[in-house]
**Q** 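Okay, handing you the structure first.
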Amino acid sequence: MEHIKKSFKNSRKKRFSDDQIKSLETTFKAEARPELHLKHHLASKLGLQPRQIAIWFQNKRARSKSKQIEQDYSVLKSNYDNLALQFEALRKENQTLLIQVQKLRKKVDCEENNKNTIELAASEIPRLLLDINGNELCGELNGRVDYLEEEADADVLYMAQIAESSLASPENGCSLESCYFLDNSGCSAQWWDF
DNA sequence: TTGTGTTTTATTGCCTCC
DNA sequence: GGAGGCAATAAAACACAA
């Protein structure tokens with residue numbers, strides 16, 4: 001610290017005049033790193049020491065650099081904020097579309113289920129009607145029961161496969177809860193209602 | 001007027017280049 | 001090795017609210 005005190009002991013710091021600053025600023029705009037001869041020229045012109053001119057340009061470059069960093073930061077932040085807004089809007093839109101897809105999928109599956117049930121029941125009716133023997137009717141009914149049990153097993157197997165694939169790749173957009181076979185509340189007609 | 005924060009001038013030490 | 005640039009810092013000068 002002693003050397004610093006010594007440096008300032010005999011020289012009071014004095015701010016440059018407006019004209020000096022103006023001239024320095026003008027030169028800086030044209031040349032941020034002036035040659036030695038230009039520094040000497042400026043020094044004699046402004047009544048300053050060449051060392052003072054050199055220091056002024058050094059400090060000016062430092063100020064200019066930090067100002068530029070602030071501006072760059074401001075631009076980057078603005079860009080980031082805009083992107084964040086866009087991202088949030090797209091995320092919400094994506095969520096809405098996913099919900100729509102799930103509803104439509106549920107509706108389609110329900111209609112297919114109804115169609116299959118109707119076709120199955122329709123194919124059973126002629127044989128049941130033609131069979132007027134009590135025992136054979138029971139045989140037909142037993143066969144029907146066997147068929148429905150097999151179909152139920154197949155459904156369970158299918159559900160397991162879907163659930164497995166859903167868990168393996170949850171990004172496919174069909175969560176376990178949203179899959180139709182676990183939620184038939186939207187399906188008004190069942191095969192046993194037929 | 002005074003305390004406090006900001007700006008400006010100046011120094012120091014380190015690094016790179018010739 | 002000397003010259004010059006840069007980062008970090010000191011300290012004077014200045015601005016301003018209370």
Side-chain angles (χ1 to χ4, degrees), chain A residues 1-110 157-186:
Chain A
M1 269 313 169
E2 190 58 33
H3 58 278
I4 295 174
K5 286 179 183 171
K6 204 178 284 180
S7 302
F8 282 98
K9 202 160 59 178
N10 296 323
S11 62
R12 302 291 294 170
K13 194 183 281 186
K14 194 167 181 284
R15 292 213 167 185
F16 299 161
S17 70
D18 290 346
D19 287 342
Q20 286 171 326
I21 296 292
K22 195 175 176 182
S23 183
L24 288 166
E25 293 277 4
T26 305
T27 309
F28 183 82
K29 277 178 187 168
E31 181 57 66
R33 284 188 187 80
E35 301 277 341
L36 189 60
H37 70 275
L38 181 52
K39 286 177 191 168
H40 276 90
H41 172 73
L42 276 170
S44 61
K45 178 185 163 190
L46 301 174
L48 296 167
Q49 296 296 314
R51 172 74 179 153
Q52 286 179 294
I53 302 294
I55 289 168
W56 186 90
F57 273 88
Q58 248 176 52
N59 288 324
K60 180 66 180 173
R61 284 194 294 271
R63 286 194 293 269
S64 183
K65 186 180 176 182
S66 61
K67 198 173 178 181
Q68 185 62 48
I69 288 172
E70 278 181 18
Q71 284 176 356
D72 290 348
Y73 170 78
S74 179
V75 170
L76 284 173
K77 188 177 183 305
S78 175
N79 288 343
Y80 171 81
D81 289 344
N82 284 337
L83 282 174
L85 283 174
Q86 287 178 33
F87 173 79
E88 186 58 23
L90 286 171
R91 196 185 64 77
K92 283 180 179 171
E93 187 184 351
N94 184 45
Q95 193 138 1
T96 305
L97 289 172
L98 275 176
I99 290 170
Q100 286 181 21
V101 165
Q102 284 179 5
K103 284 179 181 173
L104 288 171
R105 187 177 291 158
K106 193 185 283 185
K107 195 175 177 183
V108 165
D109 289 340
C110 184
L157 185 61
Y158 180 61
M159 286 163 60
Q161 286 172 347
I162 294 291
E164 200 172 40
S165 67
S166 180
L167 288 172
S169 56
E171 71 279 2
N172 65 10
C174 177
S175 66
L176 201 57
E177 294 80 1
S178 66
C179 286
Y180 78 96
F181 48 80
L182 292 178
D183 179 11
N184 273 333
S185 58

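Computation of the quantities below employed the complete heavy-atom set of this structure, encompassing side-chain atoms and omitting hydrogens, waters and symmetry-equivalent molecules. Lettering of chains follows the sequences in order, A, B, ..., and the numbering in each one begins at 1.
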**Q** Salt bridge between A/K67 and A/E70, side-chain N to carboxylate O under 4.0 Å?
**A**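 Between A/E70 and A/K67 there is no salt bridge, as every charged N stays at least 4.0 Å from the carboxylate O atoms.
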
**Q** In whole angstroms, how far is the C1' atom of B/dT7 from the CZ atom of A/F16?
**A**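 Whole-Å distance recorded here is 14 Å.
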
**Q** Please determine whether a side-chain nitrogen or oxygen atom of A/K67 lies at a distance below 4.0 Å from atom OP1 or OP2 of B/dT7.
**A**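 No, no such contact exists.
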
**Q** Using a cut-off of less than 4.0 Å, is there contact between a side-chain N or O of A/R61 and OP1 or OP2 of C/dA7?
**A**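 No, no such contact exists.
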
**Q** Considering every strand and a 4.0 Å limit on heavy-atom distances, what is the contact class for A/I21: base, sugar-phosphate, or nothing?
**A**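 Sugar-phosphate contact only - A/I21 comes under 4.0 Å of backbone atoms but never of a base.
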
**Q** Could you tell me if the side chain of A/L98 sits less than 4.5 Å from the side chain of A/Q95, heavy atoms only?
**A**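 They are not in side-chain contact.
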
**Q** Please give, in whole Å, the distance from B/dT11 P to A/Q49 CD?
**A**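 Rounded to the whole Å, the gap is 11 Å.
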
**Q** Without decimals, in angstroms, what is the distance between A/E35 CD and C/dA3 P?
**A**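 That distance rounds to 16 Å.
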
**Q** Go through C/dA11, C/dG5, B/dT8 for me and flag the one nearest to the A/R15 side chain.
**A**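 Minimum distance to the A/R15 side chain belongs to B/dT8.
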
**Q** Between C/dC6, B/dT11, C/dG5, which nucleotide has the shortest distance from any of its atoms to the side chain of A/K65?
**A**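 Nearest nucleotide to the side chain: C/dC6.
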
**Q** Using whole Å, report how far CZ of A/R63 lies from C1' of C/dA8.
**A**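 A/R63 atom CZ is separated from C/dA8 atom C1' by 15 Å.
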
**Q** Whole angstrom is fine here: how far is it from NE2 in A/H37 over to P in C/dA3?
**A**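 In whole Å, C/dA3 P lies 18 Å from A/H37 NE2.
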
**Q** Would you check if A/L48 and A/Q20 make a side-chain contact, meaning some heavy-atom pair closer than 4.5 Å?
**A**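 When only atoms from C-beta onward are counted, A/Q20 and A/L48 do touch, with a gap below 4.5 Å.
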
**Q** Of A/L36 and A/N59, whose nearest nucleotide on DNA chain C comes first from the 5' end?
**A**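 Going by which nucleotide is closer to the 5' end, it is A/L36.
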
**Q** Is A/D81 close to A/L85 at the side-chain level, that is, under 4.5 Å between some pair of heavy atoms?
**A**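 No; the side chains remain at least 4.5 Å from each other.
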
**Q** Taking atom P of B/dT12 as reference, at what distance in whole Å does atom CZ of A/R51 sit?
**A**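 Distance check: A/R51 CZ to B/dT12 P gives 9 Å.
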
**Q** Pick base, sugar-phosphate or nothing for A/K60, based on heavy-atom distances below 4.0 Å to the nucleic acid.
**A**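 If one applies the 4.0 Å heavy-atom cut-off, A/K60 turns out to touch nothing in the nucleic acid.
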
**Q** Nearest-Å distance, NZ (A/K13) to P (B/dT7)?
**A**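 Atom NZ in A/K13 sits about 15 Å away from atom P in B/dT7.
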
**Q** Would you indicate, yes or no, if B/dT8 has its OP1 or OP2 atom less than 4.0 angstrom from a side-chain nitrogen or oxygen of A/W56?
**A**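 For B/dT8, neither OP1 nor OP2 has a side-chain N or O of A/W56 closer than 4.0 Å.
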
**Q** Hey, can you tell me if A/F28 and A/F57 have their rings parallel, tilted or perpendicular (30° and 60° cut-offs)?
**A**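 Tilted: the ring planes of A/F28 and A/F57 meet at 30° to 60°.
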
**Q** Give the nucleotide from the list C/dA7, B/dA10, C/dG4 with an atom nearest to the side chain of A/I55.
**A**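 From the listed options, B/dA10 comes nearest.
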
**Q** Let me know the distance between CD of A/Q58 and P of C/dA8, rounded to the nearest Å.
**A**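 My rounded result for the distance is 14 Å.
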
